2 protein chains.
Amino acid sequence: MSHTLGIRQAQKQKTRQSLLDAALGLLEGQSLSSLGLREVTRAVGVAPTAFYRHFRSIADLGVALVEEALGSLHPMIRTTVSTADNGNQRITRAIELIARHVEGYPAHVRFIARERHGGVEPVREAIRDQLARFGEEVKAELAKDPESAGWNDDDLLMLANLYVDQMLITASLFLETLQAPEEERERVAQVAERQMRLISIGRRHWLD
Amino acid sequence: MSHTLGIRQAQKQKTRQSLLDAALGLLEGQSLSSLGLREVTRAVGVAPTAFYRHFRSIADLGVALVEEALGSLHPMIRTTVSTADNGNQRITRAIELIARHVEGYPAHVRFIARERHGGVEPVREAIRDQLARFGEEVKAELAKDPESAGWNDDDLLMLANLYVDQMLITASLFLETLQAPEEERERVAQVAERQMRLISIGRRHWLD
DNA sequence: TCATCCAGTTAACAACTGTTCTCCGTAATT
DNA sequence: AATTACGGAGAACAGTTGTTAACTGGATGA
């Protein structure tokens, strides 16, 4: 099935990936709407015109970055939410998993946090779509939980989105503590954990 | 005490405000890090060099915008949180107040949402500081509430920040529905209300 | 009234931007 | 072996950017 691509297509994908990587790097200190096409190609070491062989515009590249940053995250979300642990341990593991992800892919996390409300509409839309998918997936996992007995669909989605937003906030906080001492990171983790726990308590008593 | 400023100072403040207003307008379709100094002065109808009479840089102007957008909001937060209504009505009123504010100052809200994680560090820092103040203020109001009996300071601040983040998320969602039909706005309001309610339920059972 | 101050102007600078068109060399196809 | 397809290079374009220096004219204060 996996048709080995020719030398040509392989090289093309390699340059394309270099452009994405370079852009992500340059975006640590600025927003996408100020990123220049020439800036990116210069960082890669390629002619400005080569850019057009891969992307129609910077906005187009941004959409591709959204896919790269969030597209591969869906299975992780699924397994995280549906871990078999009991309540509090599940939350602890989720927070830890977020911390791990932020450490492993800080540039991706920064990009999403920054461009979610950023100045480039197509990118905002792409992020919105992905996050909506996350919401639906979390909802689906929550629905399997015995605690969700008696909940209607609207409320389940409401809760799922609350969790998703909370994850993003937590990730963004971890990002800010990447350069900070370990103790600061631990403090953030504990606050995030208690916030998640409070939400889960609210969930448990929702139907009272 | 209110010393009437001379013609000169008055005119200066007037141009300064024009620069702020023009910048805010231009920022509807881009991020601060891509906003040009000349772009702003052109929109005002003033020479590019005049900019330096008021701000050292665009980042400097951004910090001033943060002050304008959030500085005057502290009393509002205070009175909102400490309304005398009972639980659910208080939440309904808070959501409505947020909706009203987004309608009245959409550009300010958009600016804060966009630049909170944006590409200009001094601006991020200014927003972070203001939001931390909000957190402390909400905490102070929560502390007065009889429901907070037995809560320690850490947990109170944790809850306060949860509320603040939730307010920002809600504001940002309202912003996206500004052009949408009324029913959409109503749907967002109801979801936000239920999320706030769930958090408040978690609060009520936190000490169990 | 006269000297000072200062918000805003004008002109010029080197450096940068996105985009077009033309070309090259090589992988892919026949 | 001959032809086509195509990723990338090169040069040039008109327009933009931030920042500098020197200047103007009216409000300010002695």
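Because only heavy atoms are used, hydrogens play no part in the values below, and waters and symmetry mates are left out as well, while side chains stay in. All figures in this text were calculated on a predicted structure; none of them were measured in a lab. Below, chains carry the letters A, B, ... as their sequence lines are ordered, and counting in each starts from 1.
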(request) Begin with the C-alpha distance, continue with both residues' side-chain angles, and end with the deciding distance and a verdict on side chain to side chain contact (heavy atoms under 4.5 Å, CB included) for A:Gln190 and A:Arg187. (result) CA-CA 5 Å; A:Gln190 285 193 0; A:Arg187 210 185 50 78; 5.9 Å; no
(request) Give me the bend of the helix from C:dA14-D:dT17 to C:dT30-D:dA1, using the axes of the five pairs at each end, rounded to 10°. (result) 20°
What I want to find out is whether [X] reaches [Y] closely enough, with some N-O distance under 4.0 Å, to be called a salt bridge.
X        : Y        : answer
A:Glu39  : A:Arg42  : no
A:Glu136 : A:Arg133 : no
B:Glu182 : B:Arg185 : yes
A:Arg100 : A:Glu96  : yes
B:Glu28  : B:Arg114 : no

(message) For a quick test of reading the model: is some side-chain N or O of A:Thr15 closer than 4.0 Å to OP1 or OP2 of D:dG7?
(response) no
(message) Does D:dA9 have its OP1 or OP2 closer than 4.0 Å to a side-chain nitrogen or oxygen of A:Arg53?
(response) no
(request) Quick one: label A:Arg42 by what it contacts on the DNA or RNA (base, sugar-phosphate, nothing), any heavy atom closer than 4.0 Å. (result) sugar-phosphate
(request) Mind checking B:Arg56 for me? I need base, sugar-phosphate or nothing, with any heavy atom below 4.0 Å counting as a touch. (result) nothing
Which whole-number value in Å describes the distance from [X] [atom1] to [N] [atom2]?
X       : N      : atom1 : atom2 : result
A:Leu37 : C:dC16 : CG    : C1'   : 13 Å
B:Gln11 : D:dG25 : CD    : P     : 17 Å
B:His54 : C:dT9  : NE2   : C1'   : 13 Å
B:Tyr52 : C:dT9  : OH    : C1'   : 15 Å
A:Gln30 : D:dG18 : CD    : P     : 14 Å
B:Ile7  : D:dG25 : CD1   : C1'   : 14 Å
A:Gln9  : D:dG7  : CD    : C1'   : 11 Å
A:Phe55 : C:dT19 : CZ    : C1'   : 18 Å

Measure distances between side-chain N and O atoms of [X] and base N and O atoms of [N], and say whether any donor-acceptor pair falls under 3.5 Å.
X       : N      : answer
B:Thr49 : C:dT10 : yes
B:Arg38 : D:dT19 : yes
A:Arg8  : D:dG7  : no

(request) Select from A:Ala50 and B:Glu39 the residue whose nearest nucleotide in DNA chain D is closer to the 5' end of that strand. (result) A:Ala50
(message) Nearest to the B:Val46 side chain among D:dT19, D:dG8, C:dG8, which nucleotide is it?
(response) C:dG8
(message) Is there a side-chain contact between B:Arg16 and B:Phe55 in this structure, where contact means two heavy atoms from C-beta onward sitting under 4.5 Å apart?
(response) yes
